[in-house]
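Proteins get letters first, then strands, A, B, ... in listed order; numbering begins at 1 in each. A quick note: this is a predicted structure, and the numbers were derived from the prediction, not measured. Computation of the quantities below employed the complete heavy-atom set of this structure, encompassing side-chain atoms and omitting hydrogens, waters and symmetry-equivalent molecules.
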Amino acid sequence: MSSNSFAYNEQSGGGEAAELGQEATSTISPSGAFGLFSSDWKKNEDLKQMLESNKDSAKLDAMKRIVGMIAKGKNASELFPAVVKNVASKNIEIKKLVYVYLVRYAEEQQDLALLSISTFQRALKDPNQLIRASALRVLSSIRVPIIVPIMMLAIKEASADLSPYVRKNAAHAIQKLYSLDPEQKEMLIEVIEKLLKDKSTLVAGSVVMAFEEVCPDRIDLIHRNYRKLCNLLVDVEEWGQVVIIHMLTRYARTQFVSPWREDDGLEDNEKNFYESDDEEKEKSDKKRPYTMDPDHRLLIRNTKPLLQSRNAAVVMAVAQLYWHISPKSEAGVISKSLVRLLRSNREVQYIVLQNIATMSIQRKGMFEPYLKSFYVRSTDPTMIKTLKLEILTNLANEANISTLLREFQTYVKSQDKQFAAATIQTIGRCATSITEVTDTCLNGLVCLLSNRDEIVVAESVVVIKKLLQMQPAQHGEIIKHMAKLLDSITVPVARASILWLIGENCERVPKIAPDVLRKMAKTFTSEDDLVKLQILNLGAKLYLTNSKQTKLLTQYILNLGKYDQNYDIRDRTRFIRQLIVPNEKSGALSKYAKKIFLAQKPAPLLESPFKDRDHFQLGTLSHTLNIKASGYLELSNWPEVAPDPSVRNVEVIESAKEWTPVGKSKKEKPAKKFYSESEEEEAEEEESSDSSSDSEGESGSESGDTGSSSEDSSEDSSSGQESETGSEAEAEGKRAGKRNSRLKRKSDSEDGEKKNEKSKTSESSSAESSSMEESSSGSESASESDNEPVPRKVAQAKERKPQQERHPPPKDVFLLDLDDFNPVSTPVALPTPALSPSLIADLEGLNLSTSSSVINPSSSILWK
Amino acid sequence: MIHSLFLINSSGDIFLEKHWKSVVSRSVCDYFFEAQERATEAENVPPVIPTPHHYLLSVYRHKIFFVAVIQTEVPPLFVIEFLHRVVDTFQDYFGVCSEPVIKDNVVVVYEVLEEMLDNGFPLATESNILKELIKPPTILRTVVNTITGSTNVGDQLPTGQLSVVPWRRTGVKYTNNEAYFDVVEEIDAIIDKSGSTVTAEIQGVIDACVKLTGMPDLTLSFMNPRLLDDVSFHPCVRFKRWESERILSFIPPDGSFRLLSYHVSAQNLVAIPVYVKHSISFRDSSSLGRFEITVGPKQTMGKTIEGVIVTSQMPKGVLNMSLTPSQGTHTFDPVTKMLSWDVGKINPQKLPSLKGTMSLQVGASKPDENPTINLQFKIQQLAISGLKVNRLDMYGEKYKPFKGIKYMTKAGKFQVRT
């Protein structure tokens, strides 16, 4: 049935009536809308009939209309019995729509929902992985507490499924079950533990998500999977990458020592380290002040390529990882990528700018070269403008302030007055932080006092007031100037600010102050309340310091205030009179009146609103809102001493067993028949060497970056023909070459007719061999080994036990998982350590060269 | 993660809701409406709004707010990026993403959303995979479906989902094998009053449309890859290869996709292809202002500048404008105060200009600032950064594809302060 005609039905078929009826039932009393309600009922009757017909098209049509109702938020729950009957429909689209319906309403109609359970249980055993997966999805999504045991069983079964797609869904189901019944936590953690060992890139993201939701504190589960996760990261889908990176950031903060350590604080620690003799060798390495744990380095190195991701969330995740765990000298690489995100949508810009604002407070240098990228355009939305302004302020220093002030000058004139006011605030902040330009800024602000726009003037006065408060002694002239302005300025806030300033500094301008008071006394009645209060204050202060000249004036003003309409002013008047005018009733306080009124008032601090955000992990919701969001996981401080790094080692025995070359030569031969070209043979060799070194890095027997010797030995034992890969760079080149030739091989195999279908699929997908095995069960023949780059896997495949077992022993799972892991990991060429430092150096060079081009500060800034 | 999604149109109606966990009442959107009211303009609605029990994260595109409801801590960009991906997917499926289209295709929308998220966590966002699971509606397919009773829903797991190249379908076949690449560069610039450049940078993308049979492996190399200061890739590009050889090597997705976006930084001198001569003056006493702008080519490498459109937000004090353009058409909206002049092509022999007077509100003081001029233009057959594709090679397939490459330069956010 076409969706168009469906829409037509919806409109003509009393859709409005249904809507009204629905609203009536929920808001007004049902009796009030009985007529409408009945028509709604009738319409549903018609849907019921369609659902019960034996024609699929009618059923589908009905289901589509029902889904339409759900989408609009109308209640379709009374159709539940009719719909649930169709859960076993053969038509996949009907089935899917029934699933949609079930997930929406099962929670409300728990008893009826139970009718569908057996169908799902049957579907969980379906040979089609998509059907198994969607059955699991729906089963775990209907929030009916009675079926918790069934869900648990299904999850356990699915977590051992051959298809990584089903296992991925199992990982999702864990979170659903946990939110339904937290009692199951212990059992679920077991499943998580098992799935964490999974080597499929498809599963990794989802299981880490489950881990974060169910047991984020069980960091011990991560240890043995840490290196694997780091190595898989590049190939995980983008959403999984975000979750894994966030988790690994937290992990790194608990497991490694701080790379930010200062050189001097280190001496003491070193002594403790080198007491035992067997660490002599390490000692020579650690002559340098700080040596990073190779695992720490691994994480930093493997996340770097992800800065080039097209997904803003991934880039941000890597950025926060670098910010929180990399040495400060290396964090610079993220700025370029973050600046790139500023070209993205408004919402992305908003979040990224917020994070940059926090970063730029602590480490100015990172974003200085990109200063101009934060210049404001008149077309930016206001929230983006203010954030950019914030960053510009944070980045301001002696070198760039003159450029910035010139830019600010343009902003002040902006038609967006809210933004102009924010700019004035900013200028004030720059003036306080950079003493060299304080005077320039002040003069500029004074010029702005003659601006035509009230908001601008008011803001300038307020900012000048704050500035003068900091160094009151030097600015008698400005105060005089402002006193003169009082005649022309009309904005109440500005007038009030000027009066306050004069009051505070009345002893420095002894001649002007009484005159101002005189003028104000004249206009008192017509002033704004805010100004009146300040006139009263000014009067009081003058009365205390210069009572000879102003006694009468003040009393006059106090009398005016006494009969003012506003009770605030009447209150203030009464208060001041009691304090300053001595009479018999006045208490002890009046002795201290001078101290009260002319106390030294602390200057307001002009600081960034982003100052206190740095205690939140960057890139989180809590950071954006500056409130701790529920479920926020605190980033721990670096440990003083690193916990035992050996926990991340995966047992060598287990992996060593896997390396034993079983029937290597025999299996290799058929492979060579297909590829006559010598280039491809080389590729084959490359591949085996690559993957063995990969898995070595995996198992942890390889120590850090330099594992060439162990690589050699395994090479010899497995193939015996690999001459030796020299430098990392060379290996890199070959790897690239290998890729091409592999692909070429792929096409060859597609062209060649002697290849059977199965080998073709395994070639083209070149991963997740488990899915393929599932389709052709039990025939781990030679053809498979042709395509599998690592011959030893055939041996494992043979060892594999039938999968009917519900809980296969852990080792079994391991072997099995390796099958679909290895082909995946082969394309993940291990990042070469030889490359990254040089690149970093390049980048640093770049930064240096750019920062040198900034203009020197000149005190002559053009304020016009 | 993502609990629910509400789609809200510009008049504030919730026209679609979808829940991935327990149902969240639509009354939660009241907080959103409040924020919307406070913001006055749709652009200024904050993307993250906290409410007592939930957090609302929204994106605004195609005059629709996509509001996601979440309950616990989550990287906000994760949700925002996902919502944008949803919009992109709708656009991909239906051609346009608008309220009527979504309402017409509500079932497909629902099915797609169901596949995109499971329990609030993204499941399949790659459009190739989605299209195998749920086929986009076309007229032909609807007709066929009504006759044969087949469905739009695939019953097999898309092969991409399990492969290392999830972005490519298997078994792609074309009679004409073609690969087109468009290098599009946008100049973002701020030009100050005197005509000197405040800031200028080039943002480029390479959009590809690849229709090749089988599993082709492409490499694209540049004459001058060093130009690219910062790049982001489609997941199909092999990063290692780029790092070591500065070559793009990839197995392309089927159809149109963005291969690469890059950035040529402000450090390299950016050629500004146009200049704007302006004289806009308000006088304090008179209620008339003079207005004159001329647009001319600057560094165009001998190419013509086309599609020039000049827009400017005039100050509030301007009541009306009487202008005469030497070419093109112009409009002035007295309500929004928006002046727009569609210039068209620039002929270097006869520079286009727009002259006339502005009538100002009587008695009002003259505006502080002259309006900013926004410029749009296009230059065909030119990448302003000088980036050149060297060659495109295909491995892995036997046939000879037709290859094409096109360059274009556009104005991005190009502003002239006056």
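A:Gln308 places no side-chain N or O within 3.5 Å of a backbone atom of B:Phe233 that could act as its donor or acceptor partner. With hydrogens and angles ignored, the 3.5 Å screen pairs a side-chain donor or acceptor of A:Ser630 with a backbone N or O of B:Gln71. Between the side chain of A:Arg377 and the main chain of B:Lys413, a donor-acceptor pair closer than 3.5 Å is present. A donor-acceptor distance shorter than 3.5 angstrom exists from the side chain of B:Glu73 to the backbone of A:Ser622, with no hydrogens or angles considered.
Note that the CG atom of B:Asp188 and the OG atom of A:Ser373 stand 9.5 Å from one another [nearest 0.5 Å]. Atom-to-atom distance recorded for B:Ile190:CD1 and A:Tyr375:OH is 8.5 Å, nearest 0.5 angstrom. Residue A:Arg104 holds its CZ atom at 6.5 Å from CD of B:Glu17, rounded to the nearest 0.5 Å. Atom CG in A:Asn311 sits 8.0 Å away from atom OG1 in B:Thr125 (nearest 0.5 Å).
Neither the backbone nor the side chain of A:Ile384 comes within contact range of chain B; no heavy atoms are under 4.5 Å apart. B:Tyr60 touches chain A through backbone and side chain together, each having a heavy atom under 4.5 Å away. At a 4.5 Å heavy-atom cutoff, the contact between B:Ile80 and chain A is made by side-chain atoms alone. Contacts between A:Val376 and chain B at a heavy-atom distance below 4.5 Å involve the backbone alone (N, CA, C, O). For B:Lys21, the parts lying near chain A are the backbone and the side chain together; criterion is any non-hydrogen pair under 4.5 Å. Of the atoms belonging to A:Ser140, not a single heavy atom falls under 4.5 Å from chain B. Within the 4.5 angstrom heavy-atom criterion, no atom of B:Asp192 approaches chain A. Contacts of B:Met314 with chain A are made by backbone atoms alone, with heavy-atom separations under 4.5 Å and no side-chain atom involved. Heavy atoms of A:Gln349 lying under 4.5 Å from chain B belong exclusively to its side chain. Contacts of A:Val352 with chain B are made by side-chain atoms alone, with heavy-atom separations under 4.5 Å and no backbone atom involved. Only the side chain of B:Leu57 comes within contact range of chain A, with heavy atoms under 4.5 Å apart. Only the side chain of B:Arg85 comes within contact range of chain A, with heavy atoms under 4.5 Å apart. Proximity to chain A is absent for every atom of B:Ile247, based on heavy atoms less than 4.5 angstrom apart. With a threshold of 4.5 angstrom between heavy atoms, B:Phe82 approaches chain A through its backbone and through its side chain. Only the side chain of B:Phe239 comes within less than 4.5 Å of a heavy atom of chain A; its backbone N, CA, C and O stay farther away. Interface residue A:Arg346: only side-chain heavy atoms are found under 4.5 Å from chain B. For B:Trp20, the part lying near chain A is the backbone, with the side chain staying farther off; criterion is any non-hydrogen pair under 4.5 Å. Only the backbone of B:Leu117 comes within contact range of chain A, with heavy atoms under 4.5 Å apart. For a residue to count as touching a neighbouring chain, one of its non-hydrogen atoms must lie under 4.5 Å from one of that chain's; by this rule A:Val348 touches chain B with backbone and side chain alike. With a threshold of 4.5 angstrom between heavy atoms, B:Val198 approaches chain A through its backbone and through its side chain. Both the backbone and the side chain of A:Tyr632 come within contact range of chain B, each with at least one heavy atom under 4.5 Å from a heavy atom of that chain.
Among the candidates B:His19, B:Gln203, B:Glu114, the residue making the largest number of heavy-atom pairs closer than 4.5 Å to chain A is B:Gln203. Counting heavy-atom pairs closer than 4.5 Å to chain B, the top-ranked of the candidates A:Glu237, A:Glu238, A:Met316 is A:Glu238. Annotation: maximal heavy-atom pairing with chain B below 4.5 Å, among A:Val103, A:Asn355, A:Leu97, occurs at A:Leu97. Between chain B and the residues A:Met383, A:Glu212, A:Met209, A:Arg310, the largest count of heavy-atom pairs under 4.5 Å involves A:Arg310. Ranked by heavy-atom pairs shorter than 4.5 Å toward chain A, the options B:Asn119, B:Leu83, B:Val109 are led by B:Asn119. Highest contact tally toward chain B, considering only A:Ser414, A:Gly619, A:Pro381, A:Ser309, is held by A:Pro381 [criterion: heavy-atom pairs under 4.5 Å]. With respect to chain B, the highest number of heavy-atom pairs below 4.5 Å among A:Asn345, A:Val315, A:Val339 belongs to A:Asn345. By number of non-hydrogen pairs under 4.5 angstrom with chain B, the leading residue of A:Lys628, A:Glu107, A:His623, A:Arg343 is A:Arg343. When B:Thr372, B:Val237, B:Val59 are compared by the number of non-hydrogen pairs under 4.5 Å with chain A, B:Val59 comes out ahead. Comparing B:Pro235, B:Pro46, B:Gly412 by how many heavy-atom pairs each has under 4.5 Å with chain A, the most go to B:Pro235.
Counting only heavy atoms from C-beta outward, the side chains of B:Pro75 and A:Leu621 never approach each other to under 4.5 Å. Using a 4.5 Å heavy-atom threshold, the side chains of B:Val74 and A:Thr620 count as separate.
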Query - Stepwise side chain to side chain contact (heavy atoms under 4.5 Å, CB included) test for A:Ser337 and B:Asp230 - result: CA-CA 7 Å; A:Ser337 304; B:Asp230 183 41; 4.2 Å; yes

Report task. With salt bridge (Lys or Arg N to Asp or Glu O under 4.0 Å) as the test, would you mind laying out the steps for A:Lys96 and B:Glu115 before giving the verdict? Result -> CA-CA 10 Å; A:Lys96 277 213 162 169; B:Glu115 290 302 330; 2.8 Å; yes

Report task. Quick one: do B:Asp118 and A:His172 satisfy side chain to side chain donor-acceptor pair (under 3.5 Å)? Show the steps, please. Result -> CA-CA 7 Å; B:Asp118 179 21; A:His172 288 170; 3.0 Å; yes

Report task. Begin from the C-alpha positions of B:Val48 and A:Ile351 and carry the test side chain to side chain contact (heavy atoms under 4.5 Å, CB included) through to its verdict. Result -> CA-CA 9 Å; B:Val48 183; A:Ile351 305 286; 3.9 Å; yes

Query raised in the report: Would B:Glu111 and A:Lys64 satisfy salt bridge (Lys or Arg N to Asp or Glu O under 4.0 Å), going step by step from the backbone distance to the final call?
Result: CA-CA 11 Å; B:Glu111 285 169 343; A:Lys64 282 184 169 175; over 6 Å; no

Report task. Walk me through it: do B:Gln415 and A:Ser378 pass the test side chain to side chain donor-acceptor pair (under 3.5 Å)? Result -> CA-CA 8 Å; B:Gln415 294 199 338; A:Ser378 60; 2.9 Å; yes

Report task. Mind running side chain to side chain contact (heavy atoms under 4.5 Å, CB included) on B:Ser58 and A:Glu347 for me, showing each step along the way? Result -> CA-CA 8 Å; B:Ser58 62; A:Glu347 296 86 5; 5.9 Å; no

Query raised in the report: Where do A:Tyr165 and B:Leu123 land on the side chain to side chain contact (heavy atoms under 4.5 Å, CB included) test, with the steps shown first?
Result: CA-CA 10 Å; A:Tyr165 183 71; B:Leu123 190 63; 3.9 Å; yes

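A pairwise comparison of heavy atoms in B:Phe121 and A:Ser206 identifies CE2-OG, 4.0 Å as the closest pair. When all heavy atoms are compared, the tightest approach of A:Ala629 to B:Tyr55 is CA-OH, 3.2 Å.
Less than 6.0 angstrom separates the ring centroid of B:Phe78 from the ring centroid of A:Trp239.
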